[in-house]
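Note sheet for the following structure.
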Amino acid sequence: MTLTLGHVTFDCHDAAALAAFWSELLDKPVDPEANAQFATVGMGSDLSPVLMFIQVPDKTPGKNVIHLDLHAADWREQIDRAIGLGAKHIGDFDEFGAKWATLADPEGNLFDIGAA
């Protein structure tokens, strides 16, 4: 038996609002029944893994930090698009033959957009 990746889970303050950001960024709908406590993006679609958002009262200090690496041929345009949706640009990197930018979503979760 092998493990498969089912979800990427975000601890957050407002699940529906953060799901809406990621929905717009990935051009995938927020799944029905989204609310401030729980939301998903990608159930029943070609998005894999599904993104899951769970409201927590406080983010746990020392908890593992996970980020998404996204790739696009038009990566600079996608960076600008993400910023327009509410992301914060953290920095640009060119290392080990790869180019990418690190951004933070509206609740401070880091993600990268790199050249495909």
Side-chain angles (χ1 to χ4, degrees):
M1 184 173 250
T2 61
L3 294 174
T4 59
L5 184 59
H7 303 100
V8 173
T9 304
F10 293 78
D11 291 349
C12 57
H13 297 288
D14 185 334
L18 197 55
F21 169 83
W22 285 99
S23 167
E24 288 292 325
L25 186 64
L26 297 172
D27 196 26
K28 299 288 181 187
V30 174
D31 297 319
E33 313 281 329
N35 58 59
Q37 291 77 39
F38 180 81
T40 58
V41 173
M43 293 288 229
S45 78
D46 62 349
L47 181 64
S48 178
V50 170
L51 303 182
M52 185 165 52
F53 305 86
I54 299 174
Q55 184 184 65
V56 296
D58 291 307
K59 293 184 181 181
T60 305
K63 188 173 181 183
N64 289 341
V65 177
I66 297 173
H67 70 269
L68 299 179
D69 287 332
L70 307 172
H71 299 113
D74 61 342
W75 65 291
R76 283 285 171 200
E77 289 84 2
Q78 294 300 325
I79 292 164
D80 292 340
R81 183 170 162 264
I83 292 167
L85 291 170
K88 179 181 176 185
H89 185 245
I90 304 297
D92 292 317
F93 302 89
D94 185 350
E95 298 175 5
F96 312 111
K99 293 181 181 182
W100 73 94
T102 297
L103 300 104
D105 72 16
E107 288 201 10
N109 301 297
L110 298 179
F111 65 100
D112 295 332
I113 298 178

(Q) Restricting to salt bridge (charged side-chain N to carboxylate O under 4.0 Å, His left out), what partner residues turn up for Asp94, sequence neighbours left out? (A)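 For Asp94, no residue satisfies salt bridge (charged side-chain N to carboxylate O under 4.0 Å, His left out) once neighbours in sequence are set aside.
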Are the side chains of [X] and [Y] in touch, meaning some heavy atoms are under 4.5 Å apart?
{"X": "Leu70", "Y": "Leu25", "answer": "yes"}
{"X": "Leu51", "Y": "Leu68", "answer": "yes"}
{"X": "Arg76", "Y": "Asp92", "answer": "yes"}
{"X": "Phe21", "Y": "Val41", "answer": "no"}
{"X": "Met43", "Y": "His7", "answer": "yes"}
{"X": "Trp22", "Y": "Asp105", "answer": "yes"}

Can you name the nearest heavy-atom pair linking [X] to [Y], along with the distance?
{"X": "Trp75", "Y": "Ala115", "answer": "NE1-CB, 3.3 Å"}
{"X": "Pro106", "Y": "Gly86", "answer": "CG-O, 3.9 Å"}
{"X": "Ala73", "Y": "Ala116", "answer": "N-CB, 3.7 Å"}

Q) Listed by chain and number, what are the side-chain contact (heavy atoms from CB on, under 4.5 Å) partners of Ile83, not counting sequence neighbours? A) Ile79, His89, Leu103
Can you measure from [atom1] ([X]) to [atom2] ([Y]) and round to the nearest 0.5 angstrom?
{"X": "Leu18", "Y": "His13", "atom1": "CG", "atom2": "NE2", "result": "10.0 Å"}
{"X": "Lys99", "Y": "Asp112", "atom1": "NZ", "atom2": "CG", "result": "15.5 Å"}
{"X": "Asn109", "Y": "Phe53", "atom1": "CG", "atom2": "CZ", "result": "8.5 Å"}
{"X": "Met52", "Y": "Phe38", "atom1": "CE", "atom2": "CZ", "result": "5.5 Å"}
{"X": "Ser23", "Y": "Lys28", "atom1": "OG", "atom2": "NZ", "result": "10.0 Å"}

Q) Taking the inter-plane angle between the rings of Trp100 and Phe93 on a 0 to 90° scale, is it parallel (under 30°), tilted (30 to 60°) or perpendicular (over 60°)? A)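 Ring orientation of Trp100 relative to Phe93: parallel.
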Give a yes or no answer on whether the side chain of [X] reaches the backbone of [Y] with a donor-acceptor pair at less than 3.5 Å.
{"X": "Gln55", "Y": "Asp14", "value": "no"}
{"X": "Asp31", "Y": "Gly42", "value": "yes"}
{"X": "Glu24", "Y": "Pro29", "value": "no"}

Q | Hydrophobic cluster membership, Leu85 vs Val8, 4.5 Å side-chain cutoff | A |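 Hydrophobic grouping puts Leu85 with Val8.
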Q. Is the count of non-hydrogen atoms from other residues, nucleotides or ligands lying under 6.0 Å from Glu33 atom CD greater than 12?
A.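 Counting neighbours around CD of Glu33, 12 or fewer heavy atoms of other residues, nucleotides or ligands fall under 6.0 Å, so no.
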